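Just so we're clear, the structure is a prediction, and the values are computed from it rather than from any experiment. Throughout, protein chains are lettered first and strands after them, A, B, ... in sequence-line order, and every chain is numbered starting at 1.
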Amino acid sequence: MTFISVSSRLLSFLRRRRIGTSSCFQSLSIGVVHFHVNDNIAKPNSIPHSTHSIPNPHIKLQQYLVQKSKSGFDNLDDALAVFDKMLKLRPLPYDFHFNQLLTVLVKMKQYQVAVSLFQEMSSRKIDVDIITFNIAINCCCHSNRVDYAFSLLLSAFKRGFVPDVFTYTTLIRGLLSQHKSAEARLFFTNLIKLNELRPNVVTYSTMINGLCKTGHTQMAIWLFRFMGKSDCKPNTVTYNTVIDSLCQHGLVDDALILQSEMMEKGILPDVWTYSPLIQVLCKLNRWEELSLLLKQMIEDMNISPNVHTFTILVDAYAKSGKLDDAKQIIKIMNERGEYPNIVTYNSLMQAYCSQGQMDEALDVLSTIKSKKMMPNCYTYNILLDAYCRELKLDIAMVLYRNMECEGLSPTVVTHNILLHGLCQLGKTMEALAFFYKIQELGHKPDIIIYQTLFAGLCKSNYVDKALSFFQTMECNGLIPESKTYNIIICGCLWNKKYNEASKLLHKMVDCGFSADALTTSLLQQILTKVQDPTLLAMHQKCLQSGNYEQ
DNA sequence: GTAGGGTTAG
């Protein structure tokens, strides 16, 4: 069942409810209670007022589940065995016992298993409540089955349950996580209009986060400001979400203003408030402000950086060539018990690689292994890239084969690094063979792989081949970017193929690309060879907009 | 029982 069909049915369901069908829901609700009373199997269906009325096996079960909700199950089989035992228990455990078990599975991220148990419970007509439905709906959303989540919502309606703010917030998050932001917005506003939902701080924060993540930052900020004027004020999570989004968009000053604002309002920042701010200040080389912010965080607010925060610092120092500072951070991490993880070590490794200190980089690999950590694809890609840049393709290839021995599947990034390495060495035919080979292995080339291939082919004067692959790429549904055009136009000019270059520039214009500095320069070169009024107009437009580099 | 949870590679 698709979302659209479920969604439209749902909204009509809600509308019907607004037009005086509340009695229908009431009777449905009574029907559910009636079902419990007359059922042959003795099944308690609501939480008893005191523990005196809970049968002894249920008390033991509850104690066991409370313990498991803290520690989790060692493995899935144990959880399933408990479920089987619960099914055999007479009288049957209460709905909240089943909810407890499902919640443990959620904590173990066993979403699909939880949904299966929910289905099993439904088929055995075991009593559930709206919380059970909410857990199942949440699990569907986490498994990217928002369509099934909506069909569960319909089932809940049909069984007389009244969805609550948890149900709707979960579904909104599900839609947003599936990039269905338009549907989420419509769902959210319609529910409010129909008085079905009174959003709480989690609902608003969920919407704001989803809007930020789907590129609707302005709308997210509008909603955030709307919240500020409403009865439901933003909390730390809400502020963190917006601050993070502003940082992602490079709007660090706005983010810093928001961080001051939250403190003035008495909303305490946490480590997650500071991490994106730290990251963006590092990126912009605003070291003095960074040091003030770190001082505020650690000394004034008494917030300790976590592994994530420290890793941001290691990476920033590494990228700025401040290798000693990066090493110092690692030392502090070890002293404070915030031990470096694979990401931290990868950043450190990159620092050594960028300085050409390959022996030290390999030492980091040994450290990773000695600490019983598993190198990941990033680890190998960093090393492979460094060796390729040093034109040591043989070593890179050995490492590439090593990846598979360690159970790591090379990614499209790995293949691009090697393809680039082959092209750099002028081994164009080997590069082409490698390009075919990765496809035979089932890897789909992306736009960057194609760009590497085009650059390699053009460099070796195989521009016709590059043009032919350009068509193949488009047939495969990949949309060229302005960089893609620039590479291939540059190749055409290099090979004196002015008409082909001109055609590509026309195509760029037709596709709505505006010329950047490189395109403008290429355009100028073509105009010295080809008389073309359209390109001339384009070039003049570029010069007027100041989009030109010598 | 619902939100954030973002760090590393081409």
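Residues from residues 231-259 of chain A placing a heavy atom under 4.0 Å of any atom in DNA chain B, listed by number, are A/N235, A/V237, A/N240, A/D244.
When ring centroids are compared, A/F469 and A/F435 come within the 6.0 Å threshold.
Rounded to an integer number of Å, the gap from A/I342 CD1 to B/dT8 C1' is 9 Å.
Salt-bridge check for A/K331 with A/E338: failed, with every basic side-chain N at 4.0 Å or more from each acidic carboxylate O. For the pair A/D147 and A/R145, the salt-bridge criterion is met [side-chain N within less than 4.0 Å of a carboxylate O].
Nearest to the side chain of A/T411, among B/dT8, B/dT2, B/dA9, sits B/dA9. Looking at the side chain of A/F166, the nearest of the listed nucleotides B/dT8, B/dT2, B/dG10 is B/dT2. You'll find that the side chain of A/I312 is closest to B/dT7, out of B/dT7, B/dG10, B/dT8. Nearest to the side chain of A/Q350, among B/dG10, B/dA9, B/dT7, sits B/dA9. Across B/dT2, B/dG10, B/dT7, the shortest atom-to-atom separation from the side chain of A/N341 is found for B/dT7. Residue A/I449 has its side chain nearest to B/dG10 when only B/dG10, B/dT8, B/dA9 are considered.
Between A/R173 and B/dA3, a side-chain N or O to OP1/OP2 separation shorter than 4.0 Å is present. In this model, the phosphate group of B/dG10 is not approached by any side-chain N or O of A/Q424 to a distance below 4.0 Å at OP1 or OP2. Contact between the side-chain N/O atoms of A/K319 and the OP1/OP2 oxygens of B/dT7 is not found at any separation under 4.0 Å.
Counted by atom type alone, A/Q328 and A/Y317 present zero donor-acceptor pairs between their side chains at under 3.5 Å.
For A/S347 against B/dT8, no side-chain N or O and base N or O form a donor-acceptor pair under 3.5 Å.
If you check every strand for non-hydrogen atoms under 4.0 Å, A/K213 touches sugar and phosphate atoms only. Counting non-hydrogen atoms under 4.0 angstrom, A/T169 reaches a base of the nucleic acid.
Side-chain atoms of A/S245 and A/K213, non-hydrogen and from C-beta on, never get closer than 4.5 Å to each other.
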